S.K.: 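Dumping the structure here so I can ask a few things about it.
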Protein chains: 2
Amino acid sequence: MPPKRRRSYHHGDLSRALVTEAIGTIQRGGAQALTLRAVGEKLGVSRTALYRHFPDKSALLAAVGREGFRTLRDRLRHAWRRRGGGQSGLEAMGAAYVQFALDHPSHYRVMFGGHLAGKSARDPELEREGAAAFETLVEALVSLQQQGTIRLDPPLRLAQYIWASVHGIAMLAIDGQLREPAQGIVDLANERIRTGIAL
Amino acid sequence: MPPKRRRSYHHGDLSRALVTEAIGTIQRGGAQALTLRAVGEKLGVSRTALYRHFPDKSALLAAVGREGFRTLRDRLRHAWRRRGGGQSGLEAMGAAYVQFALDHPSHYRVMFGGHLAGKSARDPELEREGAAAFETLVEALVSLQQQGTIRLDPPLRLAQYIWASVHGIAMLAIDGQLREPAQGIVDLANERIRTGIAL
DNA sequence: ACCTGAACACCGTTCAAGT
DNA sequence: ACCTGAACACCGTTCAAGT
């Protein structure tokens with residue numbers, strides 16, 4: 001039988017494994033539970049092995065944030081397409097957004113909680129992923145405008161307003177500041193957005 | 001001349017001084033800059049002196065959060081009263097809210113960033129202060145309803161929706177995700193809220 | 001009652017060394 | 001190229017001891 005697995009190196013893609021493990025740790029115990037030692041041990045690797053793939057811990061956090069924006073964008077896209085776009089697709093996007101935040105509260109906080117403020121965490125790659133997720137919303141609005149179903153206001157401003165509303169709802173929901181499944185306020189927000197972008 | 005000041009104890013109210021110093025440290029370097037050692041040294045006191053007044057660090061953070069909700073509530077009240085209430089008062093409250101977040105971004109993050117999730121930071125006193133700040137908005141809406149200037153929808157739901165919108169704008173603004181002073185989106189949000197609560 | 005100083009168990013990070 | 005192990009400078013917290 002083989003000694004333990006392989007010998008020379010422990011992972012085909014340690015970099016990827018580190019990010020995945022970090023996301024899992026954060027999901028389980030929050031961002032403060034993320035420890036280089038813990039994730040290293042979990043992966044059967046030295047606690048300093050990470051430094052061969054990331055400059056420091058905040059870079060790992062940035063990678064976690066990037067991954068978050070990527071899956072968020074995917075969820076938004078799926079929601080939009082499943083309804084075949086349209087007003088209904090837009091509402092589905094909003095619901096998918098809030099659901100993502102509720103499914104991964106700690107991960108969501110890493111994306112928006114300011115952990116990624118200083119140091120190397122503020123990397124252009126992260127900002128690009130965030131912008132790409134935002135772009136999904138802008139594209140949806142442009143599509144609606146081309147169909148002639150909503151106002152021709154600057155789509156960027158509309159998108160910013162909608163994003164802020166949904167982001168605020170998601171944040172308060174995560175913080176537990178909203179009683180019930182918060183459906184009432186979601187309905188209200190949807191109605192406000194709908195009439196706000198109507199022709 | 002006196003030796004150094006007093007002798008027996010270093011502060012008339014060390015508890016208060018600790019919170020104030022903690023807020024200043026956070027304001028300057030973010031929540032991660034808050035170190036019991038640093039704040040102790042700044043106050044000319046041992047790094048363990050804090051444990052005579054707080055059970056642990058997260059309790060100090062909770063006190064910082066409480067203080068934040070208190071001054072936020074004060075600002076909202078002032079904004080409302082200066083305009084003598086009314087629709088204009090409500091909009092002034094929104095502006096004051098966003099301004100508070102922009103003036104104290106790190107402090108604001110402590111209040112909403114999930115640092116206060118586990119442990120003793122989740123204290124009832126903090127939740128009461130948060131609820132009191134929220135209550136300011138509810139009272140304003142009730143006042144408008146009594147004047148007969150807005151709809152008679154459940155004021156709590158209206159307040160939640162407005163809070164979420166403004167909170168989302170404040171968060172995105174702090175994160176630097178909004179170009180310009182974000183006046184465009186604020187105007188849009190105000191318009192949406194105004195027509196949303198109109199008779 | 002209030003504070004100190006040493007000690008403990010934990011961090012992230014550096015660096016010479018190993019394969 | 002990739003990883004290790006010891007070392008370093010930092011944390012929060014405990015506890016016996018001082019006034």
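On a predicted model such as this, the values are computed, not experimentally measured, just so you know. So that the names make sense, note that chain A is the first sequence line, chain B the second, and so on, each numbered from 1. Atoms considered below: every heavy atom in the structure, side chains included; atoms not considered: hydrogens, waters and symmetry mates.
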S.K.: Side chain of A:T25, backbone of A:L34: donor and acceptor closer than 3.5 Å?
M.R.: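 No; zero donor-acceptor contacts below 3.5 Å.
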
S.K.: Measure NZ/A:K57 against C1'/D:dC10 and give the value in whole Å, please.
M.R.: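 It works out to 13 Å between those atoms.
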
S.K.: Calculate the interatomic distance between A:L61 atom CG and C:dG12 atom C1'; express it in whole Å.
M.R.: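 Rounded to the whole Å, the gap is 12 Å.
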
S.K.: Looking at D:dG12, which nucleotide sits across from it as a Watson-Crick or G-U wobble partner, both distances under 3.5 angstrom, or is there none?
M.R.: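 Across all strands, the one nucleotide that pairs with D:dG12 is C:dC8.
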
S.K.: Could you state the CZ-P distance from A:R52 to C:dG18, rounded to the nearest angstrom?
M.R.: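 After rounding, the gap between these two atoms is 15 Å.
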
S.K.: Rounded to whole Å, how long is the line connecting atom OH of B:Y51 with atom P of D:dT14?
M.R.: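 Atom OH in B:Y51 sits about 6 Å away from atom P in D:dT14.
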
S.K.: Is there, by distance only and without an angle test, a donor paired with an acceptor across the side chain of B:R47 and the base of D:dG12 below 3.5 Å?
M.R.: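 Check fails, no donor-acceptor contact within cut-off.
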
S.K.: Grab the CZ-P distance between B:F54 and C:dC2 for me, whole Å please.
M.R.: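 Rounding to the nearest Å, CZ of B:F54 and P of C:dC2 are 13 Å apart.
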
S.K.: I want to check something: taking the side chain as every heavy atom from C-beta on, are A:I23 and A:H107 in contact at a cut-off of under 4.5 Å?
M.R.: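 Side-chain contact under 4.5 Å: yes.
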
S.K.: Verify the contact: side-chain N or O of A:S46 to OP1 or OP2 of D:dC3, cut-off strictly under 4.0 Å; return yes or no.
M.R.: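 No, no such contact exists.
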
S.K.: Quick check on DNA chain D: between A:R37 and A:H53, whose nearest nucleotide comes earlier from the 5' end?
M.R.: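 By nearest-heavy-atom nucleotide position, the 5'-most residue is A:H53.
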
S.K.: Between P on C:dG5 and CG on B:L36, what's the gap in Å once rounded to a whole number?
M.R.: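 So the CG-P distance, B:L36 to C:dG5, works out to 17 Å.
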
S.K.: Got a donor-acceptor pair under 3.5 Å from the side chain of A:T48 to the base of C:dG12?
M.R.: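 Answer no: no donor N or O sits under 3.5 Å from an acceptor.
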
